[in-house]
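Numbers restart at 1 for each chain; the letters A, B, ... are given by sequence-line order, proteins then strands.
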2 protein chains.
Amino acid sequence: MKPPERHLPGQCQVANDVISLVGDKWSVLVVSTLGSGTLRFSEIKRAVEGISQKMLTTTLRGLERDGYLTRTVYPTVPPRVEYKLTPLGIELLGPVSALGNWAIANHARVLAARRAYDERAE
Amino acid sequence: MKPPERHLPGQCQVANDVISLVGDKWSVLVVSTLGSGTLRFSEIKRAVEGISQKMLTTTLRGLERDGYLTRTVYPTVPPRVEYKLTPLGIELLGPVSALGNWAIANHARVLAARRAYDERAE
DNA sequence: CAGTATCCCGCATGATACTG
DNA sequence: CAGTATCATGCGGGATACTG
């Protein structure tokens, strides 16, 4: 006779598995960047300011593994590798953008709260 | 004559400032837990399985500072401290839940993508 | 060009103990 | 009960150098 689970623990873990990607700063930026179309490795690196080569590689591999983007290698010299969102990646862009827009819209409120809190603490 | 910025870099940073909270596993779980109402410290600790006392304190302080919840101390013996979402915290629950639901709905696709990727790599 | 391979450091987090 | 304080540590992530 357990009470009904409020947060559906199993599903919470499931959700976290996907959401944790959103917490990854670089993943969000890379997915957003690819929202405008197919890009090469170096183009992404230029677009996502501040990312190191290592982190970009790691991030792209993770996103590819989870099915959010495809990686296409053209065996030319020098090599050319293109990255593109999959339908799944494009779908992900929806809720992520919604959250991003909420963040932008409410950032001032958060900043104000922080100032008030810090001031109160002196 | 710069071309128009595609990702509005300034706003990206702004968004990240808020979104990074979502990446924090504990913050999401705590906010979700408080979605059902006011709770005491020990009640949250019991509800959020696996969280240490230290991390719960840290998480709650951060959420309070950002204005997502209020902390009310009742000077009784023993002490009683209650946490409750602010209107801002309740609003945050919206886009976060949307993302969570997307995550739950599409988790199988991500798992399938991972299996395929790992299998391909052997 | 698009990576891999190392080295290394700092911080986030866990465990434990103590307290008003 | 609701915290702080302290110590220990693992690894995320940067810098650098090398390669097909």
Side-chain angles (χ1 to χ4, degrees), chain A residues 13 16-17 19-31 33-34 37-66 69-84 117-118 120-122, chain B residues 12-13 16-31 33-34 37-66 69-85 117 120-122:
Chain A
Q13 295 172 8
N16 243 318
D17 188 26
I19 291 181
S20 65
L21 172 145
V22 176
D24 183 11
K25 176 187 177 185
W26 298 131
S27 291
V28 174
L29 291 176
V30 167
V31 169
T33 299
L34 285 175
T38 302
L39 290 175
R40 300 182 59 175
F41 184 89
S42 53
E43 290 172 332
I44 302 174
K45 184 161 192 324
R46 241 171 286 127
V48 180
E49 195 151 346
I51 194 170
S52 66
Q53 198 172 34
K54 176 183 174 179
M55 282 317 296
L56 180 53
T57 301
T58 303
T59 300
L60 287 170
R61 287 295 185 283
L63 292 172
E64 184 194 4
R65 187 171 103 101
D66 283 3
L69 55 78
T70 56
R71 175 174 179 269
T72 310
V73 181
Y74 297 92
T76 59
V77 177
R80 173 192 194 84
V81 182
E82 289 187 346
Y83 294 89
K84 179 186 178 183
Y117 182 94
D118 293 345
R120 178 164 301 152
E122 278 138 316
Chain B
C12 273
Q13 294 170 10
N16 245 316
D17 188 24
V18 173
I19 291 181
S20 64
L21 172 144
V22 177
D24 182 10
K25 177 188 175 184
W26 298 130
S27 291
V28 174
L29 291 177
V30 167
V31 170
T33 298
L34 284 174
T38 302
L39 290 176
R40 301 181 59 173
F41 184 89
S42 53
E43 290 172 332
I44 302 174
K45 185 160 192 322
R46 241 171 286 129
V48 180
E49 196 151 346
I51 194 170
S52 67
Q53 197 170 35
K54 178 182 175 181
M55 283 316 297
L56 180 54
T57 300
T58 303
T59 301
L60 287 169
R61 287 295 184 284
L63 293 172
E64 183 194 4
R65 187 170 104 100
D66 283 3
L69 55 79
T70 56
R71 175 174 179 270
T72 310
V73 181
Y74 297 92
T76 60
V77 176
R80 173 191 193 84
V81 182
E82 289 187 346
Y83 294 90
K84 179 187 179 183
L85 288 186
Y117 183 94
R120 178 165 301 151
E122 281 139 316

**Study point:** Ranges pairing with ranges for DNA chain D, where each run has three or more Watson-Crick or G-U pairs under 3.5 Å
**Key:** C:1-20 with D:1-20
Check your understanding: With side chains defined as the heavy atoms from C-beta onward, is the minimum distance between L69(A) and V31(A) less than 4.5 Å?
Key -> no
Check your understanding: Expressed in angstrom and rounded to an integer, what is the separation of L29(A) atom CG from dG13(D) atom P?
Key -> 12 Å
**Study point:** Euclidean distance, Y83(B) OH relative to T38(B) OG1, rounded to 0.5 Å
**Key:** 12.5 Å
Point to revise | Distance in angstrom units between K25(B) NZ and dA12(C) P, rounded | key: 17 Å
Point to revise | Atom-to-atom span, CG of L56(B) to P of dA15(C) - whole angstrom | key: 14 Å
Point to revise | Heavy-atom side-chain contact between V48(A) and L56(A) under 4.5 Å | key: no
Practice item. Could you tell me which non-hydrogen atom of T59(B) sits nearest to which non-hydrogen atom of D24(B), and how far apart they are? Key: OG1-OD2, 4.4 Å
Which pairs, protein N/O on one side and nucleotides 2-4 of chain D N/O on the other, fall under 3.5 Å?
unit_1, atom_1, unit_2, atom_2, d
dA2(D), OP1, R40(B), NE, 3.0
dA2(D), OP1, R40(B), NH2, 3.1
dA2(D), OP1, V81(B), N, 3.4
dA2(D), OP2, S42(B), N, 2.9
dA2(D), OP2, S42(B), OG, 2.8
dG3(D), OP1, R61(B), NH2, 3.4
dG3(D), OP1, R71(B), NE, 3.2
dG3(D), OP1, R71(B), NH2, 2.4
dG3(D), OP2, Y83(B), OH, 2.5
dG3(D), N7, Q53(B), OE1, 3.1
dG3(D), N7, Q53(B), NE2, 2.6
dG3(D), O6, Q53(B), OE1, 3.3
dT4(D), OP1, R61(B), NH2, 3.1

Study note, to complete from the structure: In whole angstroms, the gap separating C1' of dC1(C) from CG of L39(A) amounts to 15 Å
**Study point:** Heavy-atom check, side chain of Q53(A) versus side chain of F41(A), under 4.5 Å
**Key:** yes
Point to revise | Minimum-distance nucleotide to M55(B) side chain [options: dC1(D), dG14(C), dG14(D)] | key: dG14(C)
Point to revise | Heavy-atom side-chain contact between L29(B) and N16(A) under 4.5 Å | key: yes
Check your understanding: Sequence neighbours excluded, which residues qualify as salt bridge (Lys or Arg N to Asp or Glu O under 4.0 Å) partners of R80(A)?
Key -> E82(A)
Review point. Just to confirm, is there a sub-4.0 Å distance from OP1 or OP2 of dG13(D) to any side-chain nitrogen or oxygen of S52(A)?
Key: no
Point to revise | Sub-4.5 Å side-chain heavy-atom contact between T33(A) and L39(A) | key: yes
